Amino acid sequence: MNEITLLQQHGPDSAPATESVLDSARHRLLTEIADASTEPRQRWAGLHRQHGFQRGRRLAITAIAASALFVFSVVVGGVITAEQSSDRPPVAVSLVAFEMPVFPLALDPVPAGLQAPSFSLHDSRFGAGYQYVDGESGVSLSVSDSRPRPELELGEDIRPVLVHGQRGELWRDHPQNGPLFVKVAWEREPGQWVQVTGVGRFGTEAAVLALADTIVERPQEVPLQVGLAPAGWEVFAFKDDRILTLKDENSDATMTVHLSERTWSDLLGTVMGAREVSTVQVNGRAAQLVRADEIWFLQVPLPDGSAFNLQAPLFMTPEQVVAIGEQVTVQR
């Protein structure tokens, strides 16, 4: 799956993705990541000590459809484009300390062969995906505020089960031309629905129920962090540890951080609408700040040869863009 396909399938004009399609896409993406041996794996950082679990749940509950408004960089014919709202806040921007949400649950123990999880927040579902070393199997956990709605094929059904003493539902999901998924969902506590999905060697009723029994409350923090943001902005969505979007709660203004496997040398030629490029210092490293027709574009190289790109609205000052960039951290 490339970025163009991702835009076509999940961009503003796409049809709503079904649960089966989303699970199948997650599995294909995890498989591609496992095959890309040259790309460094990302690891999880520390844990917010105060209110991390509650904040993570609140954001997972209140986020709206990320597939409709998700903002990210796309490389088209060597040109980086960015979709941004033209809305402008009515007052000057003030930057404040920012706390990222945390995923509230974990597997304990993690089955042998499952790699460190990647996390996504999409359409009010906060998910953690664990890829197995064979590249074909995996496990995903998701948390949401509403009961999952199974999409069953003809002849399939839902079977009642008990998970941690709570009534739950187990079913099979076999998308057309895709692998078999086995799922179990239950209301772990009022307002918190948990779903465990297994595929491949974990795609059996016994395996999924055994995994559900190992879930514990253990917050896990995303490796892509933003520690400074405009006041009143919240996490809108993030995807597979690589794309993070914040949104102004009072307008459509957004800010996006995107991890890139490489740096781009000719930003005047690759950032659409670029007017000028200047060199700035971000935590002692030379970075490139682009003023484009509609956005600021900050490229910050990382020690391993990759980079993160920060896209911010033009109503921010260049000093504010750099200040935010200095508070972006990537834990691999």
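Keep in mind that this is a model prediction, so the values were computed, not measured.
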Please list all pairs passing the ring-ring contact (aromatic ring centres under 6.0 Å, His included) test where one or both residues lie in residues 195-230, with sequence neighbours left out.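 Residue pairs with at least one partner in residues 195-230: Tyr132-Phe202.
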Where do [X] and [Y] come nearest, in terms of heavy atoms and distance?
X: Phe98; Y: Val226; answer: CD2-O, 3.4 Å
X: Trp171; Y: Asp157; answer: CB-O, 3.7 Å
X: Ala207; Y: Arg201; answer: CB-O, 4.3 Å
X: Leu211; Y: Pro111; answer: CD2-CG, 3.6 Å
X: Arg218; Y: Leu107; answer: NH1-O, 4.3 Å
X: Phe126; Y: Val102; answer: CE1-O, 3.3 Å

Salt bridge (Lys or Arg N to Asp or Glu O under 4.0 Å) against [X], all qualifying residues, sequence neighbours excluded:
X: Glu205; value: Arg159
X: Glu326; value: none
X: Arg275; value: Asp293

Residues in side-chain contact (heavy atoms from CB on, under 4.5 Å) contact with [X], at least two apart in sequence or another chain:
X: Ala206; result: Thr204
X: Thr263; result: Gln299, Pro301, Ala307
X: Ala212; result: Val163, Val184, Trp186, Val196
X: Thr317; result: Glu319, Gln320

Test of understanding: with side chain to side chain donor-acceptor pair (under 3.5 Å), list the residues that count as partners of [X], not counting sequence neighbours.
X: Asp134; answer: Ser137
X: Arg147; answer: Glu169
X: Ser260; answer: none
X: Asp266; answer: none

Regarding Thr197 and Gln195, do their side chains bring together a donor and an acceptor under 3.5 Å, going by distance alone?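 Side-chain D/A pair, Thr197 to Gln195: present.
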Rounded distance [0.5 Å steps], [atom1] in [X] versus [atom2] in [Y]:
X: Met255; Y: Asp248; atom1: CE; atom2: CG; value: 11.0 Å
X: Lys239; Y: Leu121; atom1: NZ; atom2: CG; value: 11.0 Å
X: His122; Y: Ser142; atom1: NE2; atom2: OG; value: 11.5 Å
X: Glu217; Y: Leu105; atom1: CD; atom2: CG; value: 7.0 Å
X: His258; Y: Leu224; atom1: NE2; atom2: CG; value: 10.0 Å

Quick check on the hydrophobic clustering: are Val208 and Leu162 connected, directly or via other members, by side-chain heavy-atom contacts under 4.5 Å?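 Cluster IDs for Val208 and Leu162 differ.
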Is there a path of hydrophobic side-chain contacts, each under 4.5 Å between heavy atoms, that joins Met100 and Leu95?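 Yes, Met100 and Leu95 fall within the same hydrophobic cluster.
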Would you verify whether the NZ or CZ of Arg291 falls within 45 degrees of the ring axis of Trp296 while also being under 6.0 Å from that six-membered ring's centre?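 Output yes; distance and angle both within limits.
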Less than 4.5 Å apart, side chain to side chain, heavy atoms only: is that true for [X] and [Y]?
X: Leu141; Y: Tyr130; answer: yes
X: Leu298; Y: Val280; answer: yes
X: Gln192; Y: Pro104; answer: yes

